[in-house]
Asks: 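This is the structure, below, for whatever I ask next.
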Amino acid sequence: MRYHFKNLWFRDKSEEILFINKHAVQLRAGLLLLLPIYMVIVLFTTVLAPTWTVVPNTFVEETFEMTQDWRVIFNVQAFKTVFDYTIPSLVLLYGLFEMISGMFVKTAYLSPTIHLATFLTRNVRPKWEPLKPKRFAWIIGATLVISCLVFFNPDTLARMINALFSETILPTDSNYMPDFIPLLVGLCFILMWLEAIFGFCLGCKVHWLLAKIGIFKEHCYDCMNVDFDQKSWIEERKRIEESLKK
């Protein structure tokens with residue numbers, strides 16, 4: 001446990017380029033997969049569900065009018081369902097916290113999933129990978145979470161923005177976010193599922209591509225497709241050959 005609280009999932013916190021345990025990262029993605037699963041359920045039971053419900057045992061009156069697609073219009077008694085997004089918003093806030101906490105050394109110790117994933121993989125030989133590409137992937141994840149959070153709470157952000165600039169910039173009586181925003185929940189699910197099941201990080205691949213075309217100027221080991229186990233073995237073999245020559 002001393003090693004756990006000293007290093008957590010880092011190889012060496014004093015390194016200039018931080019490395020983290022890939023097995024712990026993959027397991028953590030599996031734990032966090034519960035969040036988009038919950039949000040997908042919320043999506044299909046609220047946003048994509050019918051919002052109008054006809055009152056049962058009420059009189060339905062035909063208006064003898066037609067819509068543009070030749071459907072008959074009826075007068076009915078119905079009510080519109082109002083959904084409370086408090087719990088989904090709290091879940092999204094926790095997901096945002098997890099995305100941000102994994103980006104830095106000190107905040108990583110605040111993440112329950114990092115502690116749990118590190119503890120559960122303590123008996124598995126670590127496979128080290130750079131933190132930088134993962135940090136970029138989590139920035140993408142945080143952006144998706146913020147977009148969904150604003151979609152479910154557009155009035156809250158609108159009031160804050162309007163109060164900050166002392167004028168009406170965003171409407172408080174309508175959702176100004178695009179209708180496709182809830183689909184980002186499905187995208188989050190796919191990205192986490194790929195990471196958890198196959199260890200495939202799409203955000204890391206995007207980071208590799210941006211470094212490849214020169215947008216990221218800093219040196220990145222992972223962007224050079226270095227196999228760290230193989231590199232370590234080659235260096236060890238060179239040292240042995242040098243010793244044999246002596």
Side-chain angles (χ1 to χ4, degrees), residues 8-33 35-36 39-40 92-111 113-114 117-118 121 126-151 157 177-232 234-235:
L8 202 57
W9 64 357
F10 299 99
R11 186 174 68 178
D12 186 349
K13 293 182 297 183
S14 62
E15 290 181 309
E16 182 179 356
I17 299 177
L18 293 173
F19 287 81
I20 54 179
N21 186 356
K22 179 178 177 61
H23 299 305
V25 172
Q26 190 171 347
L27 180 57
R28 180 181 183 240
L31 297 174
L32 292 178
L33 189 60
L35 302 184
M39 293 306 302
V40 167
L92 287 172
L93 283 173
Y94 178 73
L96 180 61
F97 162 76
E98 286 288 350
M99 292 294 105
I100 296 176
S101 63
M103 299 180 189
F104 311 99
V105 175
K106 293 183 179 180
T107 55
Y109 282 86
L110 302 177
S111 169
T113 57
I114 293 179
T118 303
T121 57
K127 185 175 182 180
W128 305 110
E129 62 179 1
L131 173 62
K132 188 188 300 181
K134 290 295 180 184
R135 182 181 292 159
F136 178 77
W138 292 330
I139 289 175
I140 296 177
T143 303
L144 297 178
V145 172
I146 291 174
S147 300
C148 292
L149 193 59
V150 175
F151 179 87
L157 180 65
M177 297 295 288
D179 294 336
F180 68 83
I181 293 296
L183 299 178
L184 297 179
V185 173
L187 179 60
C188 290
F189 172 81
I190 293 174
L191 295 178
M192 287 189 180
W193 182 79
L194 289 173
E195 176 71 48
I197 303 301
F198 300 105
F200 178 81
C201 177
L202 183 60
C204 299
K205 299 302 180 183
V206 174
H207 184 274
W208 170 85
L209 179 62
L210 295 177
K212 193 78 172 178
I213 62 180
I215 294 180
F216 290 153
K217 304 299 183 182
E218 296 181 6
H219 181 67
C220 173
Y221 287 105
D222 202 38
C223 300
M224 295 171 62
N225 294 322
V226 176
D227 187 329
F228 298 102
D229 291 334
Q230 182 181 12
K231 185 174 182 294
S232 176
I234 291 175
E235 291 178 351

Asks: Do you know the tightest heavy-atom contact between G102 and I114?
Replies: CA-CD1, 3.9 Å

Asks: Considering non-hydrogen atoms only, spot the tightest contact between L93 and L149 and give its length.
Replies: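 L93 and L149 have their closest heavy atoms at CD2-CD2, 3.4 Å.
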
Asks: Please give me the minimum heavy-atom distance between F10 and L131, naming the atom from each residue.
Replies: CE2-CD2, 4.3 Å

Asks: For residues K205 and F200, determine if any side-chain heavy atom of one lies less than 4.5 Å from a side-chain heavy atom of the other.
Replies: yes

Asks: Look up atom CG in L96 and atom OG1 in T143, then write down how far apart they are to the nearest 0.5 Å.
Replies: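 Atom-to-atom, L96:CG and T143:OG1 are 9.5 Å apart.
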
Asks: Could you tell me whether a side-chain N or O of S101 sits under 3.5 Å from a main-chain N or O of E98, the two making a donor and an acceptor?
Replies: yes

Asks: Can V145 and L35 be said to form a side chain to side chain contact (heavy atoms under 4.5 Å, CB included), step by step?
Replies: CA-CA 11 Å; V145 172; L35 302 184; over 6 Å; no

Asks: Determine whether N21 and W128 satisfy the following criterion, side chain to side chain contact (heavy atoms under 4.5 Å, CB included), listing intermediate values before the conclusion.
Replies: CA-CA 5 Å; N21 186 356; W128 305 110; 4.0 Å; yes

Asks: Mind checking whether F151 and L184 have side chains closer than 4.5 Å, heavy atoms only?
Replies: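 Side-chain contact under 4.5 Å: no.
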
Asks: Do the side chains of I20 and E129 get nearer than 4.5 Å, heavy atoms only?
Replies: yes

Asks: Ignoring hydrogens, what is the shortest heavy-atom contact between A117 and T121? Give both atom names and the distance.
Replies: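 Looking at all heavy atoms of both residues, the closest pair is O-OG1, 2.8 Å.
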
Asks: Do L32 and M99 come within less than 4.5 Å of each other through their side chains, counting heavy atoms only?
Replies: yes

Asks: Find out whether P36 and M192 are in side-chain contact, i.e. whether some heavy atom of one side chain is under 4.5 Å from a heavy atom of the other.
Replies: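 Heavy-atom side-chain distance check passes, below 4.5 Å.
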
Asks: Roughly how far, to the nearest 0.5 Å, is CG of L110 from CD1 of I100?
Replies: 11.5 Å

Asks: Could you tell me if the side chain of V25 sits less than 4.5 Å from the side chain of E195, heavy atoms only?
Replies: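 Yes, their side chains come closer than 4.5 Å.
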
Asks: With heavy-atom distances below 4.5 Å as the criterion, would you say the side chains of L202 and I190 are in contact?
Replies: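 No, side chains not in contact.
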
Asks: Kindly give the heavy-atom pair with the smallest separation between C148 and V185, and that separation in Å.
Replies: SG-CG2, 3.8 Å

Asks: Minimum heavy-atom separation for C201 to A137, with atom names?
Replies: SG-CB, 3.6 Å

Asks: Between R135 and M103 (side chain of the first, backbone of the second, donor and acceptor by atom type, cut-off under 3.5 Å), is there such a pair?
Replies: yes

Asks: Donor-acceptor pair, distance only, cut-off 3.5 Å: does the side chain of K22 make one with the backbone of G199?
Replies: yes

Asks: Would you call P126 and H23 a side-chain contact if the rule is heavy atoms closer than 4.5 Å?
Replies: no

